[in-house]
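See below for the structure under consideration.
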Amino acid sequence: MDEGKEKYSLDILRHSTAHIMAQAVKRIFPQVKLGIGPSIKDGFYYDFDLEGDLLSKNLSRIEEEMEKIIKENLPFKRRVVDKREAERVFKKREEPYKLEILNQIKDDKVSLYQQGEFVDLCRGPHLKETGEVKFFRLLSLAGSYWRGKEGNPMLSRIYGTSFFNEEELNKYLKQIEEAKKRDHRKIGKDLDLFTASSKLGKGLVIYYPKGATIREAIESFEKEEHFKRGYQLVRTPHLSRAELWKTSGHLDFYRKNMYFFSLNKEDYVVKPMNCPGHILIYKSKIRSYKDLPIKYFELGTVYRREDSGVLHGLLRVRGFTQDDAHIFCMPSQLVEEVRKVIKFALFMMDTFHLGYKITLSTRPEEYIGSLAHWERATESLRRALKEEGLPFETAEGEGAFYGPKIDIQMEDTLGRLWQGPTIQVDFNLPERFDLNYIASDGEKKRVVMIHRVVLGTIERFLGVLIEHLEGAFPPWLSPVQVKVISVTEKTASFARDINKCIREEGIRSELDVRNEMLGYKIREGQFEKIPYMLIIGKKEVEKGLITVRKRDGENVQFKLKDFITMIKSKIKNKENI
């Protein structure tokens, strides 16, 4: 292990590099006002109140100044002072954002860190000296609302990263370049899949025909798999009375993420979740223990207020569809039902060739219900994971306000983790809505709820899948599975006949009989990442064969019926080309 790694963590290295960057910016632009600069996963950032163009045009200059500060080998000096002294320091330096942070700190004492002329309000820790930073790179610049809240000033955020050795830095930079190539927003535009139009509203997505076709394939597959497992399909409206959400607790714990409007002097909510609707279906009649478990499934579209600064293509939106289900069961059935959901979720990960990481998230600081219920719910999730023999980490305090949860993060080709399947055990909403069943002894008893998604939000999942596959969908998902291409006008009629036969077999096929060069048509099909291109020339017409050009460039000759048999098998078994 490197000596630096033995002494310090990457968080300390990156946090120290963020301070060096802020010092460099302050040297170049003395008028800049400082925001915050934490370490984050894979790097660090710092927020500056300065025109973005000034920073974006000077990133290389900032890096050069950072190199000078590193060569100066300035010690990081920690000083603990009372808040009044800290206020005097930052008033003199005209740092309004630091003063705002100070006003929110309850402790009488705070710590300041100084290297050279630069002073920051910071808990630390930091490296011993600036010279210990060796391998860093500034990566990008973005706008960010102060403290992440719309209505606050828009600051300029510089992102960077720092490593203990050059090899790790270069590996990460290559990964970034690969991620840029796979950016779902770029690929979505290239393949004509979707748009997040500002004319429609930020965080709202329009699907073009090809994008809608992919969604339909995923959703049809999901419905089929849910029916196999005993789920019943339901539908709930997009709007409901606010009173319903008061009962659920969302008005107290989730209000800032909800949309409200009034109708006939009564408050309504645009639904952020599907749970209350499913609860009303359960509550619509008396339920017996013989009926349980009851499993309601809905591809339910919900709307949540997200700050503009966090919106990102399909990965973070304001309107999205969840593959949402709620299981109502007896406490004695709980662990077994959780195990079934875990198996279902991992089956979905395997189908789409995604890796995964599992986390058990426990009770947050703000919650509803009794501690006894929380402990019982958490233990049920833990036991289910152990009985499945699955490794998992524990995230203390990261559960939902109504119950603990299992989070299954999806791992893509580049090793990145994305939020995906979630399984939550809930004793609390059944209490709030008085959800019961008639037990074998004839007595009313309280039901338990499991909230779960096995892909997550369809938007986020599709964004992850686009980047995971770099837009090269397997035939069963590809919006165009086959493109039939004529070589000349003389073979166009035969190409039309081939295309008609293929479409009649339920295969998504396009026809290209344009008077263009064959090489141009093939390159266009490759750009569109079509799994199979059927090249129809003079020899194919004479022999009654088709030449199939696969997406990977391989050419194979088939009889039409054999090709149809082959591709239908690939589609049915969800295989790649």
Where Gly319 and Tyr303 come nearest, the two heavy atoms and their spacing:
CA-CD2, 3.6 Å

Check whether any side-chain heavy atom of Tyr46 sits under 4.5 Å from a side-chain heavy atom of Met21, and report yes or no.
yes

Val338 side chain reached by Val425 side chain, heavy atoms, under 4.5 Å
yes

Cationic N near anionic O, under 4.0 Å, Lys343 to Glu388
yes

Can a donor-acceptor pair be found, under 3.5 Å and without considering hydrogens, that links the side chain of His226 to the backbone of Glu222?
yes

Between the side chains of Lys171 and Glu168, is the shortest nitrogen-to-carboxylate-oxygen separation below 4.0 Å, so that they form an ion pair?
no

Please round to the nearest 0.5 Å and tell me the distance separating atom CZ of Arg416 and atom NE2 of His468.
10.5 Å

In terms of ring plane angle, is the pair Phe347 and Phe221 parallel, tilted or perpendicular, where the classes change at 30° and 60°?
tilted

With heavy-atom distances below 4.5 Å as the criterion, would you say the side chains of Ile438 and Tyr289 are in contact?
no

Heavy-atom closest pair, residues Leu354 and Asp412:
CD2-CA, 4.2 Å

Say whether Ser262 and Asp267, considering side chains only, have a donor N or O and an acceptor N or O under 3.5 Å apart.
yes

Please confirm whether the backbone N or O of Met330 pairs with a side-chain atom of Gln333, one donor and one acceptor, at under 3.5 Å?
yes

For the residue pair Thr236 and Glu298, confirm or rule out a side-chain donor-acceptor distance under 3.5 Å.
yes

Output yes when a side-chain donor or acceptor of Arg318 lies under 3.5 Å from a complementary backbone atom of Arg305, and no otherwise.
no

Are more than 12 heavy atoms from other residues, nucleotides or ligands located less than 6.0 Å from atom CG of Asp108?
no

Would you call Glu398 and Lys405 a salt bridge, taking side-chain N to carboxylate O under 4.0 Å as the test?
no

Could you check whether any side-chain heavy atom of Arg147 comes within less than 4.5 Å of a side-chain heavy atom of Gln104, counting everything from C-beta outward?
yes

Do Phe297 and Asn274 have side chains that get closer than 4.5 Å, going by heavy atoms?
no

Look only at the side chain of Asp426 and the backbone of Met449, and say whether a donor-acceptor pair between them is shorter than 3.5 Å.
no

Cation over ring face, Arg157 and Tyr45, 6.0 Å, 45°:
yes

Using side-chain contact (heavy atoms from CB on, under 4.5 Å) as the criterion, point out the one residue from Leu102, Ile101, Asp82, Val80 that pairs with Val110.
Leu102

Asp291 and Arg287 ion-paired at < 4.0 Å
no

Charged N to carboxylate O below 4.0 Å: is that the case for Glu387 and Arg339?
yes

Do Glu224 and Lys228 sit within salt-bridge range, that is, some charged N less than 4.0 Å from a carboxylate O?
yes

Any Leu465 side-chain heavy atom under 4.5 Å of Phe473 side chain:
yes

Charged N to carboxylate O under 4.0 angstrom, Glu177 versus Lys181?
no

Answer yes or no: is there a donor N or O on one side and an acceptor on the other, between the side chain of Asn152 and the main chain of Tyr145, under 3.5 Å?
no

Show me, pair by pair, the donor-acceptor contacts under 3.5 angstrom made by side chains of residues 239-251, not counting sequence neighbours?
from: Ser240; atom 1: OG; to: Trp245; atom 2: NE1; distance (Å): 2.6
from: Arg241; atom 1: NE; to: Glu266; atom 2: OE2; distance (Å): 2.4
from: Arg241; atom 1: NH2; to: Glu266; atom 2: OE2; distance (Å): 3.0
from: Thr247; atom 1: OG1; to: Glu243; atom 2: O; distance (Å): 3.3
from: Ser248; atom 1: OG; to: Trp245; atom 2: O; distance (Å): 3.0
from: Ser248; atom 1: OG; to: His250; atom 2: N; distance (Å): 3.3
from: Ser248; atom 1: OG; to: His250; atom 2: ND1; distance (Å): 2.6

Which atom names give the shortest non-hydrogen contact between Val317 and Gly203, and what distance separates them?
CB-O, 3.3 Å

Determine the sole option in Arg452, Gln424, His451 for which the side-chain hydrogen bond (donor to acceptor under 3.5 Å, both in side chains) test with His326 is passed.
His451

Tell me if the CD1 atom of Ile286 is crowded by more than 12 foreign heavy atoms within 6.0 Å.
no

Test log, rule salt bridge (Lys or Arg N to Asp or Glu O under 4.0 Å), inputs Glu306 and Arg316:
CA-CA 8 Å; Glu306 300 280 6; Arg316 194 73 177 264; 3.1 Å; yes

His184 side chain vs Leu314 backbone, donor-acceptor pair below 3.5 Å
yes

Find the distance between CG (Leu390) and CG (Leu360) and round it off to the nearest 0.5 Å.
12.0 Å

Just verifying a value: how many Å separate Tyr159 OH and Thr161 OG1, rounded to the nearest 0.5 Å?
13.0 Å

Can you list the steps and then say if Glu87 with Lys83 is a salt bridge (Lys or Arg N to Asp or Glu O under 4.0 Å)?
CA-CA 6 Å; Glu87 286 171 0; Lys83 281 179 66 176; 5.4 Å; no

Quick one: does Gln409's side chain have a donor or acceptor within less than 3.5 Å of a partner on Trp418's backbone?
no

Short N-O contact, Arg229 and Glu225, less than 4.0 angstrom:
yes

Hey, does Leu385 have a side-chain heavy atom less than 4.5 Å from the side chain of Leu381?
no

The reported gap from CD in Gln175 to CG in Leu414 (rounded to nearest 0.5 angstrom) is 5.5 Å

Look at the side chain of Asp120 and the backbone N and O of Cys122, then say whether any donor-acceptor pair between them is shorter than 3.5 Å.
no

Does Thr321 offer a backbone N or O that forms a donor-acceptor pair with the side chain of Glu459 under 3.5 Å?
yes

Evaluate side chain to side chain contact (heavy atoms under 4.5 Å, CB included) for Ile327 paired with Tyr231, printing each intermediate quantity in order.
CA-CA 9 Å; Ile327 301 169; Tyr231 288 83; 3.6 Å; yes

Salt-bridge present (Arg446, Asp434; N to O < 4.0 Å)
yes

Leu477 vs Phe352 side-chain heavy atoms within contact, under 4.5 Å
yes

Is it true that Glu178 and Arg182 have a side-chain N and a carboxylate O under 4.0 angstrom from each other?
yes

Side chains of Thr422 and Gln419: donor-acceptor distance under 3.5 Å anywhere?
yes

Pair Glu337 + Lys295: basic N to acidic O under 4.0 Å
yes

For Tyr282, the option from Phe433, Tyr437, Phe328 that meets ring-ring contact (aromatic ring centres under 6.0 Å, His included):
Phe328

In this structure, CG of Asp42 is separated from OH of Tyr172 (nearest 0.5 Å) by 4.0 Å

Under 4.0 Å between a side-chain nitrogen and a carboxylate oxygen: does that hold for Asp107 and Lys109?
no

Is it the case that the side chain of Ser380 and the backbone of Val335 share a donor-acceptor pair, with hydrogens and angles ignored and the cut-off at 3.5 Å?
no

So, taking the atom named CD1 in Ile368 and the one named CZ in Phe401, what distance separates them when rounded to the nearest 0.5 Å?
5.0 Å

Carefully, step by step, assess Glu396 and Thr362 under the rule side chain to side chain donor-acceptor pair (under 3.5 Å).
CA-CA 5 Å; Glu396 300 292 345; Thr362 63; 3.0 Å; yes

